[in-house]
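Structure first, commentary second.
The chains referred to below are lettered A, B, ... by the order of the sequence lines, with proteins before strands, and numbering in each begins at 1.
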Amino acid sequence: MQSLQDLDTSLRGLGSRLFVLRGEPGEVLTKVWETWDVKMMTWEEDTEPDAVIRDEAVKEMAERKGVTVETFCSHTLYRPEDIVAKNKGTAPLTLVKFQSVIAMMEKPSKPLDAPQSLEEASRLSVSELSDTKDDIPTLKEVNVVESELHESKFPGGETEALKRFNEKLSTENAAWVRTFEKPLTSPNSLEPSTTVLSPYLKFGCVSPRMMYWRLVKLYTGAKHSQPPVSLHGQLLWREFYYCAAASTPNFSRMEDNPVCRQIPWDKDEDKLAAWTEARTGFPYIDAIMTQLRRDGWIHHLARHSVACFLTRGDLWQSWEKGQEVFEELLLDADWSLNAGNWMWLSASAFFHQYWKCYSPVAFGKKTDPSGEYIRKYLPHLAKFPDKFIYQPWEAPLAVQKAAGCVIGQDYPRPIVDHAIVSKENMGRMKVACAAGKVAAPKKNKLENYFKKEPKAKKRKIDE
DNA sequence: TTCGAGTTGAATGT
DNA sequence: ACATTCAACTCGAA
């Protein structure tokens with residue numbers, strides 16, 4: 001909503017405005033095509049399945065009514081279908097392969113400057129500018145109670161986006177940009193250790209092209225980090241998931257999704273609720289889930305930590321459930337990236353080394369040994385000594401009482417024994433992988449499959 | 001068919 | 001601070 005307001009303000013500065021039309025696209029558009037005497041309509045291409053269907057229908061209808069349609073790829077650096085075509089009809093499933101494909105393509109085009117003025121004919125009349133019928137929706141209209149909202153740490157809109165963009169990717173900050181390596185940034189610093197440009201990229205407040213070319217400018221003539229860990233690499237990951245999502249049916253679910261491993265996840269409402277509501281009893285996990293709900297943003301590695309915990313690591317709940325929670329709470333929630341990353345973390349697709357598991361106790365200690373992050377987001381644990389802040393249930397009762405927080409009363413006991421369940425779950429992953437090999441051979445032709453499976457692979461399952 | 005590599009693990013050693 | 005082990009996946013190139 002803030003993004004819409006900011007856009008509307010910018011347009012009004014040029015003598016135009018934003019009209020937010022409410023209703024069924026077919027009905028609403030037919031009406032305005034007539035009243036506004038529309039000759040041509042353009043929009044940004046959208047690869048999400050519902051959008052593809054919607055846009056196809058609008059396009060067909062427009063052309064029937066004699067309205068010319070022209071669409072553009074601007075949300076991503078590359079058009080997903082162009083990449084798929086270049087890769088002989090399939091989406092690359094590794095980033096290395098993805099990079100080799102785009103290396104054969106033209107570089108992303110440079111962004112155009114925003115217009116400084118509009119032609120006289122494009123400006124609106126006073127009555128059109130002051131009519132409130134098609135104004136931006138209010139919070140009330142979308143059933144949000146303003147007093148229930150937390151502080152807006154990352155306000156929407158192009159103005160905010162450019163402010164952040166120019167701060168993080170400034171010449172003064174070039175050394176940081178050039179040495180940026182994502183795995184070395186901290187998931188649990190008190191202030192974000194990354195750019196937090198993702199919400200702005202998601203809503204189109206800043207363009208990936210702008211970011212791409214700004215990085216080129218800052219990289220040129222100096223030594224700098226490389227994909228996949230560099231900032232440039234972060235943009236490529238976004239492209240990678242957009243490409244996979246655009247060309248894979250049922251990308252946001254396990255069933256009938258050809259890239260997704262079929263895993264018999266449990267359905268435990270209590271475990272899911274404990275994770276969602278930040279009461280797993282693991283302070284590192286609960287602090288992250290608290291930050292997610294309060295701020296609408298958490299670091300990428302924090303997402304890894306809680307996603308692994310919910311799925312293959314500890315709770316053995318479906319990644320689709322986690323995806324729903326992220327979709328609701330993340331400011332940067334993006335359909336393609338959300339699904340892709342949940343599959344990655346649950347070792348359902350893209351990533352397969354399921355025996356590499358994040359510890360809900362050990363991982364956070366590496367970057368925040370004294371637990372400042374936990375103390376910030378879970379203040380009732382704040383008085384625990386460093387030694388116990390990540391595993392307060394191990395503190396002697398006297399220490400718990402001194403900290404003013406008795407485990408089991410004031411803060412939950414750990415929902416699982418990580419050492420035990422993570423090992424059990426690795427065994428379940430092993431079974432799911434073996435089952436997948438027999439049930440769903442991906443690339444082998446059927447004849448090859450029948451020839452080789454019985455002897456070589458079946459024996460492995462028996463073991 | 002084989003083999004090397006894969007954005008970001010943990011525990012235990014030196 | 002760095003190396004090894006753990007137990008061993010899939011993708012894609014050769």
Side-chain angles (χ1 to χ4, degrees), chain A residues 87-101 179-189 193-194 225-241 244 248 258-263 284 298-309 311-314 337 340-341 343-367 390-391 418-445 448-449 451-453 455-457 459-461 463:
Chain A
N87 194 44
K88 295 172 187 165
T90 61
L93 296 177
T94 65
L95 192 76
V96 171
K97 181 65 182 160
F98 181 88
Q99 285 178 267
S100 77
V101 176
T179 54
F180 183 95
E181 292 189 34
K182 188 65 160 278
L184 300 183
T185 58
S186 169
N188 48 4
S189 50
S193 58
T194 52
S225 54
Q226 295 291 331
V229 297
S230 62
L231 278 170
H232 180 189
Q234 306 314 300
L235 276 180
L236 294 189
W237 281 110
R238 181 172 179 272
E239 301 287 314
F240 171 80
Y241 285 125
T248 306
V259 303
C260 184
R261 173 170 291 123
Q262 303 299 300
I263 298 169
Y284 176 61
I298 50 178
H299 184 276
H300 189 60
L301 289 177
R303 301 178 198 205
H304 276 216
S305 303
V306 297
C308 182
F309 186 86
T311 59
R312 67 185 167 89
D314 296 83
L337 277 55
N341 277 305
M343 282 190 271
W344 180 292
L345 260 300
S346 58
S348 298
F350 311 115
F351 173 85
H352 311 281
Q353 293 157 281
Y354 59 77
W355 55 91
K356 290 187 174 180
C357 178
Y358 290 92
S359 162
V361 171
F363 191 72
K365 286 184 182 175
K366 287 193 285 188
T367 42
Y390 281 87
Q391 62 267 50
H418 173 73
I420 293 170
V421 297
S422 62
K423 285 284 170 291
E424 277 174 7
N425 290 346
M426 279 179 208
R428 296 168 93 174
M429 284 301 296
K430 185 176 179 172
V431 171
C433 290
K437 282 178 196 170
V438 174
K442 253 187 264 159
K443 290 200 170 168
N444 302 332
K445 288 177 188 163
N448 289 341
Y449 165 54
K451 240 185 264 171
K452 93 181 161 185
E453 284 308 324
K455 49 179 184 176
K457 307 278 171 166
R459 210 163 54 86
K460 253 192 169 173
I461 295 162
E463 285 164 12

Under a 3.5 Å cutoff, is there a donor and acceptor pairing between the side chains of A:His299 and A:Thr185?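 Looking only at side-chain atoms, A:Thr185 and A:His299 do form a donor-acceptor pair, the distance falling under 3.5 Å.
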Counting side-chain heavy atoms from CB outward, which of [options] is closest to [X]?
X        : options               : value
A:Trp355 : C:dC9, B:dA10, B:dT8  : C:dC9
A:Ala362 : C:dG12, B:dT8, B:dA11 : B:dA11
A:Trp344 : C:dA13, C:dT10, B:dT8 : B:dT8
A:Val229 : B:dG6, B:dT7, B:dA10  : B:dT7
A:His352 : C:dT10, B:dT8, B:dA10 : C:dT10
A:Lys366 : B:dA10, B:dT8, C:dT10 : B:dA10
A:Leu95  : B:dT7, C:dC9, B:dA10  : B:dT7

Counting only N and O atoms by type, is there a donor-acceptor contact under 3.5 Å from the side chain of A:Arg312 to the main-chain atoms of A:Met429?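 It does not hold such a pair.
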Less than 4.5 Å apart, side chain to side chain, heavy atoms only: is that true for A:Leu345 and A:Arg303?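 A side-chain contact is absent here, since even the closest heavy-atom pair is not under 4.5 Å.
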Roughly how many Å is it from [atom1] in [X] to [atom2] in [N], rounded to a whole number?
X        : N      : atom1 : atom2 : answer
A:Leu301 : B:dT7  : CG    : P     : 14 Å
A:His299 : B:dT7  : NE2   : P     : 17 Å
A:Leu337 : B:dT7  : CG    : C1'   : 14 Å
A:Gln262 : C:dC9  : CD    : P     : 18 Å
A:Met429 : C:dC9  : CE    : C1'   : 9 Å
A:Leu93  : C:dC9  : CG    : C1'   : 14 Å
A:Lys356 : C:dT10 : NZ    : P     : 15 Å
A:Lys97  : B:dG4  : NZ    : C1'   : 16 Å

Residue pair A:Cys308 / A:Cys357: nearest heavy atoms and the distance that separates them: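 That closest heavy-atom pairing would be SG-SG, 4.0 Å.
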Is the phosphate of [N], meaning OP1 or OP2, less than 4.0 Å from a side-chain N or O of [X]?
X        : N      : answer
A:Lys430 : C:dA8  : yes
A:Lys423 : C:dA7  : no
A:Arg261 : C:dT10 : yes

Determine which nucleotide pairs with [N], using a 3.5 Å limit on both distances of a Watson-Crick or G-U wobble pair.
N     : result
B:dT8 : none
B:dT1 : C:dA14
C:dA7 : none

List the steps and the verdict of side-chain hydrogen bond (donor to acceptor under 3.5 Å, both in side chains) for A:Tyr284 and A:Asn188. CA-CA 9 Å; A:Tyr284 176 61; A:Asn188 48 4; 5.0 Å; no
Could you label the plane-to-plane angle of the A:Tyr241 and A:Phe350 rings as parallel, tilted or perpendicular, counting under 30° as parallel and over 60° as perpendicular?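 A:Tyr241 vs A:Phe350 ring planes: perpendicular.
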Counting the atoms with a prime plus P, OP1 and OP2 as sugar-phosphate, which does A:Phe363 contact under 4.0 Å by heavy atoms, base, sugar-phosphate, or nothing?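 Sugar-phosphate, backbone atoms only, no base.
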Determine the contact category for A:Lys182: base if any of its heavy atoms lies under 4.0 Å from a base atom, sugar-phosphate if only primed atoms, P, OP1 or OP2 are that close, otherwise nothing.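 The residue A:Lys182 makes base contact.
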Distance, [atom1] atom - from [M] to [N], rounded to whole angstrom:
N      : M     : atom1 : result
B:dG13 : C:dA7 : P     : 15 Å
C:dT4  : B:dA5 : P     : 16 Å
B:dC3  : C:dA8 : C1'   : 14 Å

Which residue pairs pass the side-chain hydrogen bond (donor to acceptor under 3.5 Å, both in side chains) test when at least one of the two sits in residues 228-238 of chain A, sequence neighbours left out?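 For residues 228-238 of chain A, and leaving out neighbouring residues, the side-chain hydrogen bond (donor to acceptor under 3.5 Å, both in side chains) pairs sorted by first residue read A:His75-A:Arg238, A:Lys182-A:Gln234.
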I want to confirm an ordering. Mapping A:Gln353 and A:Ala91 to their closest nucleotides on DNA chain C, which one lands closer to the 5' end?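 Result: A:Gln353.
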